[in-house]
Colleague: 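Have a look at this one before I ask anything.
Just so it is clear, the values below take in all heavy atoms, side chains as well, and ignore hydrogens, waters and symmetry mates. Note that the coordinates shown come from a computational prediction; the quantities given were computed from them, not determined experimentally. Just so it is clear: chains get the letters A, B, ... in the order the sequence lines come, proteins before strands, and each one is counted from 1.
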Protein chains: 2
Amino acid sequence: MPTHQEQEQPRRRQARGERRIAQLLEAAASVFTSTGYAAASTNAIAREAGVSPGTLYQFFPNKEAIAIELGQRLMADMRAAYGQALAPIDPATPLEQAVAAAVDRFIDFNCHNPVFFTLMHGPDVPGRMAEEHDALHNTLITRVEDLLSPLLPDRPAAAVTRIAHVCMALYMAGLELVLASEGDEREAYVQELKDVLFRYLDPLVGDRLRDAQATAATTATPGAAASTAASNPTP
Amino acid sequence: MPTHQEQEQPRRRQARGERRIAQLLEAAASVFTSTGYAAASTNAIAREAGVSPGTLYQFFPNKEAIAIELGQRLMADMRAAYGQALAPIDPATPLEQAVAAAVDRFIDFNCHNPVFFTLMHGPDVPGRMAEEHDALHNTLITRVEDLLSPLLPDRPAAAVTRIAHVCMALYMAGLELVLASEGDEREAYVQELKDVLFRYLDPLVGDRLRDAQATAATTATPGAAASTAASNPTP
DNA sequence: GACAAACACGAGTCGTCGCTCGCATTCTGA
DNA sequence: TCAGAATGCGAGCGACGACTCGTGTTTGTC
């Protein structure tokens with residue numbers, strides 16, 4: 001593979017070019033989703049987009065750049081559409097609802113953009129692509145940490161990071177099941193994923209709530225401290 | 001097209017050949033683990049084993065066959081070493097300990113055989129390899145179902161299957177985190193994985209316990225014993 | 001020892017894939 | 001209008017990887 005070190009200045013794109021880029025990225029998303037990144041051939045992407053291989057390389061220096069650009073646009077889309085879902089949780093809303101809302105939003109995004117899962121999950125990422133992959137992953141982890149830290153004020157930072165990693169891993173695992181199923185089955189898996197996350201986090205957060213309620217109880221009525229996890233009648 | 005039943009009769013292997021096969025499988029495990037199945041080249045496997053490419057093809061018809069044989073031996077090893085871990089749980093042992101024991105055993109196996117995770121988890125599996133992959137996966141799912149069904153007697157089969165899939169997915173997700181870390185961090189992730197599985201399953205199994213207690217309570221008041229769907233003889 | 005079968009070698013074949021190059025066509029701006 | 005830039009094409013190059021083949025070596029058996 002000949003290395004191109006040339007820092008070429010941004011070419012002035014025509015409207016047609018922008019359209020082609022969007023078309024190529026859409027085709028790439030389709031091919032990546034169905035065959036994975038490594039197994040996807042640039043010729044197949046060009047064919048899917050209805051252009052010649054040469055045209056593809058008019059807009060992307062190499063195969064990696066396609067995936068990177070796709071990843072960046074995907075992240076931008078996610079931030080634009082669901083950024084507020086990752087804002088700190090209002091402490092007034094119950095954890096169960098907060099988890100359910102976050103899961104619903106992300107599941108929705110991933111169902112509409114299945115490439116996202118492929119790019120995040122695929123271990124078949126060579127070289128510089130892995131960096132982008134990690135950057136994407138770390139961005140999400142940091143978001144989850146920010147989301148969790150107000151709920152876990154008395155835990156060391158390392159523990160919060162670990163919990164965030166576990167949450168991400170659980171979410172990705174659940175997402176895989178969700179994407180692999182359809183209809184009612186899919187709904188059922190979504191519910192299971194919510195249950196998993198809620199039941200995992202509730203005892204951790206529960207400490208804080210119980211502490212808060214205990215302090216409140218010293219000044220007010222003692223008795224409503226038993227907010228246990230079994231408030232969820234799953235059919 | 002007439003199906004060529006040309007099954008070549010098993011070649012008479014010498015001791016040297018068996019040794020080479022073991023050597024090659026070990027090398028393949030190493031290469032698969034570090035680069036993944038798709039990116040692993042047969043020449044690299046042969047080099048790792050210290051033999052020529054031609055020698056490799058003396059014992060395996062193609063690259064796929066290496067992975068398949070490896071998968072089969074791995075499953076056999078697992079069955080031999082940990083088969084009893086997948087035997088039905090003694091209902092007397094608390095769920096938390098049962099989960100912890102199962103997780104410990106499997107984590108141990110996977111830490112000593114990291115290829116297993118690569119072969120199970122890799123989406124880069126072409127053609128007939130995917131069948132073997134699925135077979136392996138389904139075997140494990142069935143085992144988990146057998147493990148869970150006595151704990152979930154009043155759930156429909158579909159729900160038990162779904163719960164088994166969720167457990168497998170959670171375990172695989174946790175395993176990825178565990179294998180990616182070391183030392184204390186690894187121990188911490190193992191504990192998190194146990195917590196996740198226990199907290200997920202406890203409320204489900206808890207229903208059964210509560211039902212059992214309810215049945216025991218109604219036994220004092222005769223006549224209403226038919227309310228419980230599955231009268232579970234307490235073992 | 002003789003013969004065949006199993007084992008071992010490694011240069012070479014063949015197909016695929018990322019990517020290029022020369023040339024044609026379309027658009028933009030002055 | 002027309003020069004030059006952007007876009008578009010597709011045969012083909014170079015590299016790499018799965019797999020083969022002709023040949024030589026070791027092992028088991030009579």
Colleague: With heavy atoms under 4.0 Å as the rule, sort A/A38 into base, sugar-phosphate or nothing.
Modeller: nothing

Colleague: Can you confirm if the NZ or CZ of A/K63 lies within 45° of the ring axis of A/Y37 and under 6.0 Å from the centre of its six-membered ring?
Modeller: yes

Colleague: Does B/R20 make a side-chain N or O approach to OP1 or OP2 of C/dA8 shorter than 4.0 Å?
Modeller: yes

Colleague: State whether the distance check finds a donor on one side and an acceptor on the other, under 3.5 Å, for side chain B/S52 versus base C/dG10.
Modeller: yes

Colleague: Fit a plane to each ring of B/H165 and A/Y189, take the angle between them on a 0 to 90° scale, and name the class: parallel (under 30°), tilted (30 to 60°) or perpendicular (over 60°).
Modeller: perpendicular

Colleague: Measuring from the side chain of B/N43 (C-beta onward, heavy atoms only), which nucleotide among C/dC27, D/dA18, D/dT27 has the closest atom?
Modeller: D/dA18

Colleague: What contact category does A/A44 fall into here, base, sugar-phosphate, or nothing, at under 4.0 angstrom with non-hydrogen atoms?
Modeller: nothing

Colleague: When the ring planes of B/F106 and B/Y171 are compared, do they come out parallel, tilted or perpendicular, using 30° and 60° as the limits?
Modeller: perpendicular

Colleague: Under 4.0 angstrom, heavy atoms only, what part of the nucleic acid is A/G17 near: base, sugar-phosphate, or nothing?
Modeller: sugar-phosphate

Colleague: Side-chain N or O of A/R13 less than 4.0 angstrom from OP1 or OP2 on D/dA5?
Modeller: no

Colleague: Considering just the side-chain nitrogens and oxygens of A/T42, establish if one lies under 4.0 Å of OP1 or OP2 belonging to C/dG18.
Modeller: yes

Colleague: I want to check one thing: is the phosphate of C/dC19, taken as OP1 and OP2, less than 4.0 Å away from some side-chain N or O of A/Y57?
Modeller: yes

